[in-house]
**Q** 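Sharing a structure, written as structure tokens. Questions coming.
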Amino acid sequence: MKSKTWVPYAFLALPLTMYAIWVIFPIFQTFVLSFTNWDGVSPKFDLIGFENYKRLFSDPYFKLSLNNNVKWLLAFVFGNIPLGLGIALLLDQKFKGDRIYKTLVFLPMTLSFVVIGQIWSWMLEPRYGAINSFFRAIGLSTFAKPWLSDPKIVTYALIAAASWRQIAYAMVLFLAGLKNVPRELVEAAYVDGANKWERFWYVILPMLRPATIIAVTVNVIDSLRAFDIVYVLTRGGPFYSSSVLANYMYIQSFHNYNMGYGASIAVIQFLITFGFILVYLLTALRREESTV
Amino acid sequence: MRHRKFSLIFTYMLATLIVIIWMFPFVVSLFTAVKPLDELMSQKGLWLPPKSVHLENFKRAWTEANMKRYFLNTLIITAPSVLGALFISSLAAFALAWYEFKLNKLILFIFVGGMLIPFQMLLIPVYRFSVNVGIYDTYLGIILFHISFQLGFCTFFLRNFMKTIPRSIFEAALIDGAGHFTIYRKIVMPLVVPALSALGILEFTWIWNDYLWSLVLIQSDMKKPVTLGLTTLQGQWVSDWSIIAAAALIAAVVPITVFLIFQRYFIEGLTVGAVKG
Amino acid sequence: MRKFAVVLMVLLFVAVVWGKQTVVVNSYMSDPAPKQVFAELVQIFEERYPDYDIVVNTFAHEDFKTLLRTWLNSPNAPDVVTWFAGERMRYFASKGLLAPIDDIFDGGFDAYFPKAFFSSCSYDGKVYFLPQSWYWWGVYYRKSIFEKYGIKPPTTWKQFLDVCETLKKNGIIPITIGTKYLWTAAGWFDYLNMRVNGIEFHTKLTAGEIPYTDPRVKKVFEYWKQLVDRGYFLENHTAYSWQEAATFLFRGEAAMYLMGQFIKDVAPEDVKNDLDFFRFPIIDGTVGLYEDTPIDGFMIPARAKNKEGAKVFLKFIASEFAQEYFAKKLGRLAANKNVAPPDPHAEKGLQMILDSDGVMQFYDRDTNPEMATVGMNGFVQFMVTPGMLDQILENLEKERVRIFK
């Protein structure tokens, strides 16, 4: 419709204005802030060029946080996605009560991170926590670990708590993808003598490609901006061992009076994520063009 | 046929095991909420079922913690935020789905990009903006922010849904001489109702569950939503786990109920939004 | 005309009702006991000054610390905020974010409070901080446990180690501590440093004038390491907040906790009387006895809307009556010098302070706030991995140079 070019803009005026004020403009402000030494308190601050970014590269806690983000990413992509897919395949079969099962697995998706964090603090508490006391009760006390206080395992404990929710998300994405797999195709393969594994690998999985791509990108993005669980359960502690970029940024900006430095962390986080956002958009839009 | 039966039993067993594992944290919280404090501390195991059930923890959490007020606040914030986000994003989605113009792809790109950015980027500037404009610590301030912040996802979602509506409907209406806004209001919007319900349910839970933005944009006790109230409570009753557990369950009750009732919409919302890109 | 009169009267009426001045107080007193007492005080104030309406917003402690900065910077700043005396207050005063309150004291600051408080409540000669209460730190312990094993409160380091050993042998956790929010570890650093190196050194260190890699600092950690290596501290302490760690003491699983008097706020009734404290043991007899005595109170943000109302409220808080009311109910020491210690426990605390050779506030109140976070992180890291001490201190030193440049 090229008749009146102003029409779409009239519809876009209000949404774009609001989006610009509360989302787009703040992003640029954060960019600018990252070149300053503003402490979040003083009325004045100076432009200090790339000082903050230089400091990042010699900051061991920044590296640690980045490193932890990589762990989150790997666990989300190579752990949660296959698990989500597995559960989706299992529950996609026709059996009585399958909906109840799906509902129950999905339940954590509806919870606030504050509540999830609280619930998991009782799971992971070292002395009375459900996990440790359960292991002790069944005679497996070697598996009882100080989940939140041992710097070596704390990140994995946090990832587990987050995955409780995230796996359910992956499952839902795959369940929807499975709906789009034509039954006839699978049955045809069955008639042709393909076994279960072959049917999955050669027929179903290729059909799940779009769902997989979306699940991967969503998980990558979520793993890179992980914050709430970390903040509620450990605040990145003990001594930053479970910190992730978002958490470190928050601590630097709002606890340590380093708004400028915190902004530079946010910018780095943004730049890393941006690559994946591009992938997401390109796949989303390209598929659309091929179907239109 | 025996093979089929065996496989069915296997499916049941595996599915049940998974659900048990998945429900474990919930059950632990429920146990914690109904145990009296001394049992909690003497029993040495949060996973054990309570010896006796004490429901007064819920009552205490509700009354002593002012949860009633927090609930009301959450409603006051959530309802207009959801409605506003749906309405305003439907305008943008309408423009992006039906019209071809130069900046179409770029604007869509901006909306989606904004929805994926690490939200920490916005924290400082949004706070400063709210303060400078005088909407800090007001319902209006947080509602406007929620609406704007959700526009990215909502627009993307609705636009994708509108794309699935046959174009001929739109073109026929134009030829009939219908105005653009009439088409939006009378023709497209009624067709989008299923998508709006799905999206609405989704947005409702998200905004209901928001914690960080309320923390940054609200300061008065009288205006705090339920999530913020819960953490205030955590500070107050740090070692009294039963009360916190009761409060956490109270805070979870509404989103869970909404989800159970509108399950279909909820799941549709999540999948349509993401998969049908 | 009559209509006009009616409208006018309605307007007047509204003006009178709405004419109540609102004073917004943001408070971190979220533990039930102090929250309750403060609410009572507010009520009494409102009865005495019916023109004022005090709105109290309570925040969880750790949230409060994060949010204060943003409030102080906002045109919507609250009229009164709770806070800590010392560097933590001066930091904000130095940025021009606080309003001076000298004019609320009839007869000057000294007429109300001990002279010694002036420096930690003022900046550049002006008073910015209204002290409400103060308290001492000490090693809190369970009397019943000590009795059971025939332990006497130790006075020297050697005795202290023996006490720990006895307790440990009997399956009791000698010392509980919760370091999730870091600051509890700073108590140990403060005391060890003051006992090993004295107050002058400690003051210089917190002022950023001494490198953290100084051998004298290292010596402090050698003493600390003795406790860590022998496993005298609660296991997995980084998983607990200070209150959660206190429950080990309350349940009798742990025997001692280096903590401020406010530990009594959270103790169950039946344990309160079983709690006592002793002075942190002497390490070097040639070094004086120094203590941590933090002062809590209120400030008025420079951008507060109703500064006059805020001052009226603070004037009330400074009064003998209000100070005594608060101190008595919580067993703290009132800042007002005319108020006597409320109970024998507080008398003992006061006596300990009077007998000391000098006092500090607390590590995170005496040093630059940014340094405090870095430093306390380092202390906790040391408690978990004492082997990394050199690395930790080098990092602290790097940060000190950057922060105090």
Side-chain angles (χ1 to χ4, degrees), chain A residues 1-2 5 7-8 11-12 14-15 18-19 22-24 26-27 29-30 33 87 90-91 93 95 101 103-105 107 110-115 118-120 122-123 128-130 133-134 137 164 172-173 176-177 210-211 214 218 221 225 246 249-250 253 259 266 269-270 273 277 281 284 287, chain B residues 8 11-12 14-15 18-19 22-23 25 28-29 32 44-47 88-89 91-92 94-95 98-101 107 109-114 116-118 120-122 124-126 145 147-149 151 155 180 205 209 211 227 230-231 244 248 251-252 255-256 259 263 267 270-271 274-275 277:
Chain A
M1 280 310 120
K2 282 178 185 151
T5 44
V7 173
F11 277 101
L12 282 165
L14 179 60
M18 287 182 75
Y19 209 57
W22 272 281
V23 180
I24 307 300
I27 295 176
Q29 276 184 301
T30 301
L33 216 52
I87 297 176
L90 181 77
L91 299 184
Q93 304 177 68
F95 61 94
Y101 283 87
T103 305
L104 289 179
V105 173
L107 225 46
T110 62
L111 296 184
S112 158
F113 279 108
V114 178
V115 175
Q118 196 57 64
I119 287 178
W120 278 84
W122 295 310
M123 296 288 291
Y128 304 98
S133 54
F134 176 74
W164 187 49
V172 170
L173 293 177
I214 297 298
V218 165
I221 291 167
R225 58 178 176 182
M249 176 265 168
Y250 189 85
S253 311
M259 290 282 181
Q269 199 192 346
F270 174 76
T273 319
I277 296 178
L281 285 172
R287 272 182 43 242
Chain B
L8 193 66
T11 302
Y12 265 116
L14 197 58
I18 288 171
V19 164
W22 237 253
M23 289 296 102
V28 166
S29 321
T32 309
K44 314 236 164 182
L46 291 177
W47 67 286
I88 294 173
S89 65
L91 294 174
F94 180 74
W98 299 108
Y99 296 89
E100 281 164 28
F101 55 102
I107 292 175
F109 193 89
I110 289 174
F111 273 118
V112 182
L116 299 170
I117 52 140
Q120 289 82 9
M121 291 278 292
L122 312 181
I124 307 161
V126 164
F145 173 77
I147 294 177
S148 314
F149 189 57
L151 279 182
T155 303
H180 294 268
T205 21
N209 286 336
Y211 164 66
T227 42
L230 180 61
T231 51
I244 299 171
I256 287 183
F259 164 68
Q263 205 183 142
I267 290 182
L270 265 187
T271 50
V275 179

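Given the structure is predicted, the values throughout are model-derived calculations rather than measurements. Proteins come first, then strands; the chains are lettered A, B, ... in the order of their sequence lines, and each starts at number 1. Hydrogens, waters and symmetry mates play no part in the numbers below; they use all other heavy atoms, side chains included.
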**Q** Would you please classify the geometry between the B:Phe111 ring and the A:Tyr19 ring as parallel, tilted or perpendicular, with 30° and 60° separating the classes?
**A**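 Judged by the thresholds at 30° and 60°, the geometry between A:Tyr19 and B:Phe111 is tilted.
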**Q** Most heavy-atom pairs under 4.5 angstrom with chain A, which of B:Ile107, B:Thr205, B:Thr32?
**A** B:Ile107
**Q** Is the B:His180-A:Phe11 ring centre distance short of 6.0 angstrom?
**A**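 Here the rings of A:Phe11 and B:His180 have centres that are no less than 6.0 Å from each other.
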**Q** Where does B:Phe94 contact chain A at under 4.5 Å (heavy atoms): side chain, backbone, both or neither?
**A** side chain
**Q** Go through the atoms of A:Tyr101 and report whether side chain, backbone, both or neither lie under 4.5 Å from a heavy atom of chain B.
**A** both
**Q** I need the residue from B:Pro255, B:Pro25, B:Ala15 with the largest number of non-hydrogen atom pairs under 4.5 Å to chain A.
**A** B:Pro25
**Q** Sort B:Ile88 into side chain, backbone, both or neither according to what part of it lies under 4.5 angstrom from a heavy atom of chain A.
**A**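 When you check distances to chain A, atoms from both the backbone and side chain of B:Ile88 fall under 4.5 Å.
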**Q** Taking C-beta and beyond as the side chain, do A:Trp120 and B:Val28 meet within less than 4.5 Å on heavy atoms?
**A** no
**Q** Which of the residues A:Gln93, A:Met249, A:Met123 is involved in the greatest number of heavy-atom pairs with chain B at under 4.5 angstrom?
**A**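 Looking at each of A:Gln93, A:Met249, A:Met123 in turn, A:Met123 comes out on top.
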**Q** Between A:Ile221, A:Leu14, A:Ile24, A:Thr103, which has the largest tally of heavy atom pairs under 4.5 Å with chain B?
**A**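 Of A:Ile221, A:Leu14, A:Ile24, A:Thr103, A:Thr103 has the most heavy-atom pairs under 4.5 Å with chain B.
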**Q** Of the non-hydrogen atoms in B:Trp47 and A:Ala130, which two are nearest, and what is the gap between them?
**A** CD1-O, 3.8 Å
**Q** Under a 4.5 Å heavy-atom cut-off, does chain A meet the side chain of B:Met23, its backbone, both or neither?
**A**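 B:Met23 touches chain A through side-chain heavy atoms alone.
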**Q** Using 0.5 Å steps for rounding, measure from the OG1 atom of A:Thr110 to the CG atom of B:Asn209.
**A**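 Rounded to the nearest 0.5 Å, the OG1-CG separation comes out at 7.0 Å.
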**Q** Pick from B:Ile18, B:Leu122, B:Ile256: which one has the most heavy-atom pairs with chain A under 4.5 Å?
**A** B:Leu122
**Q** Is chain A contacted by the side chain of B:Thr227, its backbone, both, or neither, given a heavy-atom distance below 4.5 Å?
**A** both
**Q** Do A:Leu12 and B:Leu91 have side chains that get closer than 4.5 Å, going by heavy atoms?
**A** no
**Q** Quick one, A:Arg225 and A:Thr273 - any side-chain contact, counting heavy atoms below 4.5 Å?
**A** no
**Q** Please classify the contact of B:Ile110 with chain A as side chain, backbone, both or neither, using a heavy-atom distance under 4.5 Å.
**A**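 Both parts, backbone and side chain.
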**Q** Where do B:Phe101 and A:Pro8 come nearest, in terms of heavy atoms and distance?
**A** CE2-CB, 3.5 Å
**Q** What residue in B:Leu14, B:Ile147, B:Ile124 has the most heavy-atom pairs under 4.5 Å with chain A?
**A**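 When all of B:Leu14, B:Ile147, B:Ile124 are compared, B:Ile124 has the most.
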**Q** I'd like to verify something: which residue of A:Leu104, A:Leu91, A:Ile87 has the highest number of heavy-atom pairs under 4.5 Å with chain B?
**A**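 Winner by heavy-atom pair count: A:Leu104.
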**Q** For each of A:Phe113, A:Phe270, A:Trp164, tally heavy-atom pairs with chain B at distances under 4.5 Å, and name the one with the top tally.
**A**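 Looking at each of A:Phe113, A:Phe270, A:Trp164 in turn, A:Trp164 comes out on top.
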**Q** Indicate yes or no: at least one non-hydrogen side-chain atom of A:Phe95 is less than 4.5 angstrom from one of B:Leu8.
**A** yes
